[in-house]
Amino acid sequence: RVPGYAAICAIASLAAVSALLYQILSGALHAEVGLVQVSGDGAGLIGFGVAALADYRLRRDRRIEKIYSGGEPLTEVIDRYFTHKNTSLRELQRNEKVMLVFLRHFGCTFCREALADIAKNRAQIEANGTTVVLIHMVDEMTAGHHTKKYGLSDLHRISDPLKKLYEGFGLVRGNMGQLFGLPSWLEGFRAGLLNGHLVGTEVGDGFQMPGIFLIYRDRILKGFRHEKASDRPDYCELSEFKVGKVRKVEPVMEEEGQF
């Protein structure tokens, strides 16, 4: 949102301009004097508007690029999830850094671009000691078909049709602006037509927003929550982290009969 102080100043300036115009039109104030004041307040209004817009854009960019600091507790929802290779997500992230890539639906041009970007940068991601796990909303056969197109069918995958894992990491359904705003349309033209990713049938929840999280030993090391469906994160940067910074967490003995 536009910062409150700028919005208040802009509204106050607008109210002052309106009051002066009313006084001029009603004859209570000489036109020449009034126009000088109106011009001054108008300039102030424009100035506050420009400052508010610049500050808003800066804050928006910082939100988009926000990297979560080490030490944020990892939600216990991962206890219930296994990859399609029957590997416990809990145990996988205890032994190595894991980059969870929460995808949009497979028909989305930005989902396809994300898969292409991961394939392109996979060697560097793995050289950083990071294992990629793809989170999706459909059955494994369908997911395998789509990931195979990008040479990623061997990566760990987790099917989350109820989106409980998405919710556990704070990923929600997008609004119209996030999904269909002008920036997304322009980026969609670039990714879909110019880069050849095109658009397919909606396979999964078309409103679900994506995200990426680097986890290790029950901690979120880094994260990226998309502000727009078209946001394009730096996967190599997100995969980098010196694991020595993270305190070792001893395995928790599960009670009999539990996962």
Q) What's the shortest heavy-atom distance between Ser153 and Gly144, and which atoms? A) CB-O, 4.2 Å
Q) More than 12 foreign heavy atoms under 6.0 Å from NZ of Lys149: is that the case here? A) yes
Q) Roughly how far, to the nearest 0.5 Å, is the CG atom of Leu238 from the CG atom of Leu214? A) 7.5 Å
Q: Quick one: pull up NE2 in His84 and CG in Leu155 and give me the separation to the nearest 0.5 Å.
A: 8.5 Å
Q.
I'd like to know if the side chain of Asn128 pairs up with that of Gln124 as donor and acceptor (distance under 3.5 Å, no hydrogens or angles considered).
A. yes
**Q.** Asp139: side chain to side chain contact (heavy atoms under 4.5 Å, CB included) partners, not counting sequence neighbours
**A.** Met141, Thr142
Q.
Run the side-chain hydrogen bond (donor to acceptor under 3.5 Å, both in side chains) test against Asn86 and tell me which residues pass, sequence neighbours left out.
A. none
Q. Would you call Val132 and Ile125 a side-chain contact if the rule is heavy atoms closer than 4.5 Å?
A. yes
Q. Who are the side chain to side chain contact (heavy atoms under 4.5 Å, CB included) partners of Lys164, not counting sequence neighbours?
A. Tyr81, Asp160, Leu162, Glu167
Q: Could you pull out all residues at least two apart from His146 that satisfy ring-ring contact (aromatic ring centres under 6.0 Å, His included)?
A: Phe106
Q.
I'd like to check Ile158 versus Leu134 (side-chain heavy atoms, cut-off strictly below 4.5 Å). Are they in contact?
A. no
Q: Please report the shortest heavy-atom distance between Cys111 and His105, naming the atom on each side.
A: CB-O, 3.2 Å
Q. Can you name the nearest heavy-atom pair linking Lys222 to Glu240, along with the distance?
A. NZ-O, 2.6 Å
Q. Counting only N and O atoms by type, is there a donor-acceptor contact under 3.5 Å from the side chain of Asn95 to the main-chain atoms of Leu92?
A. no
Q) In Å and rounded to the nearest 0.5 Å, what is the NE2 to CZ distance from His226 to Arg232? A) 11.0 Å
Q | Validation row, ring centre Phe169 to ring centre Phe102 under 6.0 Å | A | yes
Q) Ignoring hydrogens and geometry, is there a side-chain-to-backbone donor-acceptor pair from Tyr150 to Lys120 under 3.5 Å? A) no
Q. Are any of the side-chain nitrogens in Asp218 or Arg90 under 4.0 Å away from the carboxylate oxygens of its partner?
A. yes
Q | From CD1 (Ile220) to CZ (Phe213), nearest 0.5 Å | A | 6.0 Å
Q | Closest approach of Met176 to Phe207 (non-hydrogen atoms, all atoms of both residues) | A | SD-CE2, 4.3 Å
Q) Does Tyr235 use its side chain to pair, donor to acceptor, with the backbone of Met99 at less than 3.5 Å? A) no
Q: State which residues pass side-chain hydrogen bond (donor to acceptor under 3.5 Å, both in side chains) with Thr83; sequence neighbours excluded, sorted by chain then number.
A: His156
(Q) So does Ser239 get a backbone contact from the side chain of Thr130, meaning a donor-acceptor N/O pair under 3.5 Å? (A) yes
Q: Drop me the distance from Leu100's CG to Ile212's CD1, to the nearest 0.5 angstrom.
A: 10.0 Å
Q: Looking only at non-hydrogen atoms, find the nearest pair between Leu171 and Pro210 and report the distance.
A: CD2-O, 3.4 Å
Q: Please tell me if the side chains of Leu115 and Glu113 come closer than 4.5 Å, counting only heavy atoms from C-beta onward.
A: no
**Q.** For Asp205, all residues meeting salt bridge (Lys or Arg N to Asp or Glu O under 4.0 Å), sequence neighbours excluded
**A.** Lys163, Arg173
Q: Working to the nearest 0.5 Å, report the span between CG of Leu165 and CG of Leu89.
A: 7.0 Å
Q) Can you pull the salt bridge (Lys or Arg N to Asp or Glu O under 4.0 Å) pairs that have at least one residue in residues 121-136, sequence neighbours excluded? A) Arg122-Glu126, Arg122-Asp154
**Q.** Partners passing side chain to side chain contact (heavy atoms under 4.5 Å, CB included) against Ala229 (at least two apart in sequence or in another chain)
**A.** Arg104, Phe110, Leu179
Q) Between Arg217 and Arg94, what is the shortest heavy-atom contact and its length? A) NE-O, 3.3 Å
Q.
Holding to side chain to side chain contact (heavy atoms under 4.5 Å, CB included), I want the full list of residues that pass it with Ser159, two or more places apart in sequence or in another chain.
A. His136, Glu140, Pro161
